[in-house]
Visitor: 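Below you will find the structure I want to go over with you.
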Amino acid sequence: MTARDLAFKVMKLIPSGGGIGLGRLGALGLAGLEYATTVKVWNLLRCELDRLLRVAHPKAFPYIAIIDVANTCNLRCPYCPTGRRQKSGRDKIFIEPDLVRQLLDDVGKYLVSVNLFNWGEPLLHPRIVEIVELIHSRGIWTVLSTNLSINNKKVLEDLCDAGLDFMFVSISGSSQETYEEYHRGGKLDLVLENIRHIIQYRRDNNSKNPIVELKYLVFKHNEREIEAAKKMAQEVGVDLFRCVHAGGPEWAESELGRGQALLGRLFGAERCKQLWQALVLNSDGGLAPCCYLYFKEDDFAEYNGNDIAEVRQNEKFVLARKLFDASAIRDLPTDLRHPCLKCTLVHEQPHLREYLKENPEAVRGHRTGDA
C-alpha cells in the first residue's frame, strides 16, 4: 500500500466537521510522504521543535508554502475581501512562474507541500498548469482550492496530467438558490459537471490524482442542506466530503461552526503555527507572516529571489514570534506597531494581557478589514 493510499483510507475514516481538522491534516501529511526525503523529514522535525520552543530565530526552513497565484476571483462571495472587491493595496496580478521557480530553487528541497490558493481563484491564472507541473517536478505535494465554477474542461484535464495531488472544491448549498446566496455569480450545475468530468478523466486514464474533496462551507442559512449535499457528493463521485466552519459575521455563523471554533480553542489552536511552519507568498511578491493577512501594508517583506532564510530573520518576523513567547515579553517595545497586534490569537495569549492594555497600538481588528 502506498503512502497516498494509506492517507486516503485514514481521511475517509475521519468524520466531517471534526473540530480543527488535526486528524485530516495528519492524513494529508501521510499522503505527502510519497515525496519524502531525509532532508525534508529532518527539516520538518527541526521546524516543529523550533515552534514548540517558540524560537524567535529559527534555524529550520518552513515546510509549507502558501502561494496566492491570483488575487482576483470570478465570484462575489460577500464575506471574502476579494469577492466583495475590497482594495488591498495590491494590483490585480497573476504571479509570475519565474518567481515560483526562484522560490523552489531557494527552499524547494525543504517543502512538504505547496498550497496554490489564498485570496483568489487559482484557475483564473492562464499559466496555472505550468506552475503545477513546476512544483510537481520538484517532488512536492501540490494542493489547489477552487470554486470550480469555470467553463474550461481543458484546464481541468491538463491539471490532472500535470500531477496535481489534491483539489478542494468549495460549495455552500445543494440547490442553486442556496448556493448562490454566498457563492454569488457561481453556477452549481457547472461545478458538479466539472467534478464529474475530472472523475471520469481520472478513470479513463487509470489515474488516482487529483484526490477531489467537496468542501461544504457551513453558514446558518445553509445548514438545512448538509444531508442533501452529502448525497450529492456521493452521486458525483468525489473522494471526500467535509463540512467546514465558514468565516463571516457572527450573525451568519452556524451552530456547527461555533462548535468547531470551540474545539479549536480546546485543542490549543490559539497558538500561532504559521510563523514557523509556513511561507506565504502573495501574487505580487509580498511575503506575509500568515495566510490571514490581506493588506499589502501588512506584508513583512518583498520576495525578489532574495534569501528566504535571511528574510525570515528580519525584525518583523522576529517580533511576531516573540509575541508568543512569555519569556520574551521584555523584548517587546512598549509602543510596538505591528500587523500581528490585531490578531485574535495574539489577544488570547495570557502573558500579553497587561502588555496589550498598556500599548495603545495593540488594538484587536479584523485582518481583512471588515467581514
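The analysis underlying the following values was restricted to heavy atoms, covering all of them including side chains, and did not include hydrogens, waters or symmetry mates.
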Visitor: What's the shortest heavy-atom distance between Pro333 and Asn359, and which atoms?
Guide: O-ND2, 4.4 Å
Visitor: Side chain of Arg85, backbone of Gly83: donor and acceptor closer than 3.5 Å?
Guide: yes
Visitor: Give a yes or no on whether Leu99 and Val132 share a hydrophobic cluster (residues Ile, Leu, Val, Met, Phe, Trp, Tyr; joining criterion: side-chain heavy atoms under 4.5 Å apart).
Guide: yes
Visitor: Determine the minimum heavy-atom distance between Phe117 and Ile66, stating which atoms define it.
Guide: O-CG2, 3.4 Å
Visitor: Tell me, with the steps shown, if Ile199 and Val212 meet side chain to side chain contact (heavy atoms under 4.5 Å, CB included).
Guide: CA-CA 8 Å; Ile199 302 300; Val212 179; 4.2 Å; yes
Visitor: Ring-plane angle category for Phe317 and Phe300, please: parallel below 30°, perpendicular beyond 60°, tilted otherwise.
Guide: perpendicular
Visitor: With a 4.0 Å cut-off on N to O distance, would you call Glu354 and Lys357 a salt bridge?
Guide: yes
Visitor: Quick check on side-chain contact (heavy atoms from CB on, under 4.5 Å): which of Val238, Asp239, Leu148 does Leu214 satisfy it with?
Guide: Val238
Visitor: Between Asp325 and Ser327, does any side-chain donor sit less than 3.5 Å from a side-chain acceptor?
Guide: yes
Visitor: Quick check on the hydrophobic clustering: are Ile131 and Leu104 connected, directly or via other members, by side-chain heavy-atom contacts under 4.5 Å?
Guide: yes
Visitor: When you measure from the centre of the six-membered ring of Phe168, is the NZ or CZ of Lys215 under 6.0 Å away and within 45° of the axis?
Guide: yes
Visitor: Indicate yes or no for a side-chain donor-acceptor contact from His347 to the backbone of Leu341 under 3.5 Å, with no hydrogens or angles considered.
Guide: yes
Visitor: Short question: side chain of Trp141, backbone of Phe166 - any donor-acceptor pair under 3.5 Å?
Guide: no
Visitor: Between Leu345 and Cys272, what is the shortest heavy-atom contact and its length?
Guide: CD1-CA, 4.1 Å
Visitor: Roughly how far apart are Lys322 NZ and Cys340 SG, rounded to 0.5 Å?
Guide: 14.0 Å
Visitor: Counting distance only, does the side-chain N/O of Asp284 pair as donor-acceptor with the main-chain N or O of Gly286 below 3.5 Å?
Guide: yes
Visitor: Are Asn71 and Lys92 close enough that a side-chain donor and a side-chain acceptor fall under 3.5 Å?
Guide: no
Visitor: Does any donor atom in the side chain of His136 or Thr142 lie under 3.5 Å from an acceptor atom in the other side chain?
Guide: no
Visitor: Does Asn205 reach the main-chain N or O of Tyr201 with its side chain, forming a donor-acceptor pair under 3.5 Å?
Guide: yes
Visitor: Distance check, rounded to the nearest 0.5 Å: Leu287 atom CG versus Asn306 atom CG?
Guide: 7.5 Å
Visitor: Looking at every non-hydrogen atom in both residues, tell me the closest pair between Ser174 and Ala229 and how far apart they are.
Guide: CB-N, 3.8 Å
Visitor: Name the one of Asp105, Val100, Val107 that satisfies side-chain contact (heavy atoms from CB on, under 4.5 Å) with Leu103?
Guide: Val107
Visitor: Any Lys/Arg nitrogen of Glu302 or Lys296 sitting under 4.0 Å from an Asp/Glu carboxylate oxygen of the other?
Guide: yes
Visitor: Does Asp204, at its CG atom, have more than 12 non-hydrogen atoms belonging to other residues, nucleotides or ligands within less than 6.0 Å?
Guide: yes
Visitor: So which of Lys40, Gln277, Arg46 actually passes side chain to side chain donor-acceptor pair (under 3.5 Å) with Tyr63?
Guide: Gln277
Visitor: Please determine whether side chain to side chain contact (heavy atoms under 4.5 Å, CB included) holds for the pair Leu116 and Leu164, giving the CA-CA distance in whole Å, both sets of side-chain angles, and the decisive distance to 0.1 Å.
Guide: CA-CA 10 Å; Leu116 295 172; Leu164 181 66; 5.5 Å; no
Visitor: Does Asp98 have more than 12 heavy atoms from other residues, nucleotides or ligands lying within 6.0 Å of its CG?
Guide: yes
Visitor: Can you tell me how far NZ of Lys273 sits from CG of Leu275, rounded to the nearest 0.5 angstrom?
Guide: 11.5 Å
Visitor: Measure from the side-chain N and O atoms of Thr82 to the backbone N and O of Trp119, and report whether any donor-acceptor pair falls under 3.5 Å.
Guide: yes
Visitor: Do Arg312 and Trp276 meet the cation-pi criteria used here (NZ or CZ under 6.0 Å from the six-membered ring centre, within 45° of the axis)?
Guide: no
Visitor: Would you say the side chains of Asn147 and Glu121 form a donor-acceptor pair under 3.5 Å?
Guide: yes
Visitor: Between Lys154 and Asp158, is there a salt bridge with N-O shorter than 4.0 Å?
Guide: yes
Visitor: To the nearest 0.5 Å, what is the distance between CG (Leu123) and OG (Ser149)?
Guide: 10.5 Å
Visitor: Within a 6.0 Å radius of atom NZ on Lys153, are there more than 12 heavy atoms belonging to other residues, nucleotides or ligands?
Guide: yes
Visitor: Does CD in Glu315 sit with more than 12 non-hydrogen atoms of other residues, nucleotides or ligands closer than 6.0 Å?
Guide: no
Visitor: Is there a donor-acceptor pair under 3.5 Å between the side chain of Arg202 and the backbone N or O of Pro210?
Guide: yes
Visitor: Give me the atom names and distance for the closest heavy-atom approach of Leu188 to Gln176.
Guide: N-OE1, 2.9 Å
Visitor: Short question: side chain of Arg184, backbone of Pro78 - any donor-acceptor pair under 3.5 Å?
Guide: no
Visitor: If two hydrophobic side chains count as joined below 4.5 Å and joins carry through other members, does Trp42 share a cluster with Val39?
Guide: no
Visitor: Please round to the nearest 0.5 Å and tell me the distance separating atom CD of Glu130 and atom CD1 of Ile135.
Guide: 11.0 Å
Visitor: Does Asp298 pair with Lys316 as a salt bridge, N-O distance under 4.0 Å?
Guide: no
Visitor: State whether the side chain of Ser283 and the backbone N or O of Val69 hold a donor-acceptor pair below 3.5 Å, judged by distance alone.
Guide: no
Visitor: Between Ser175 and Glu225, does any side-chain donor sit less than 3.5 Å from a side-chain acceptor?
Guide: yes
Visitor: Below 30° counts as parallel, above 60° as perpendicular, anything between as tilted: where do the rings of Tyr110 and Phe61 land?
Guide: parallel
Visitor: Between Leu124 and Val191, is there shared hydrophobic-cluster membership here, with clusters defined by ILVMFWY side-chain heavy atoms closer than 4.5 Å?
Guide: no
Visitor: Are any of the side-chain nitrogens in Asp68 or Arg90 under 4.0 Å away from the carboxylate oxygens of its partner?
Guide: no
Visitor: Is there a path of hydrophobic side-chain contacts, each under 4.5 Å between heavy atoms, that joins Met232 and Leu190?
Guide: no
Visitor: State whether the side chain of His351 and the backbone N or O of Leu323 hold a donor-acceptor pair below 3.5 Å, judged by distance alone.
Guide: yes
Visitor: Just say parallel, tilted or perpendicular for the rings of Phe94 and His125, cut-offs at 30° and 60°.
Guide: tilted
Visitor: Before accepting this row, confirm whether a basic side-chain N of the pair Glu193/Lys187 lies closer than 4.0 Å to the acidic partner's carboxylate O.
Guide: no
Visitor: Give the minimum heavy-atom separation between His183 and Leu217, together with the two atoms involved.
Guide: CE1-CD1, 3.9 Å
Visitor: Could you verify whether a donor N or O on one side chain and an acceptor N or O on the other, from His197 and Glu157, lie under 3.5 Å apart?
Guide: yes
Visitor: Going from SG on Cys47 to NZ on Lys59, what distance comes out if it is rounded to the nearest 0.5 angstrom?
Guide: 14.0 Å
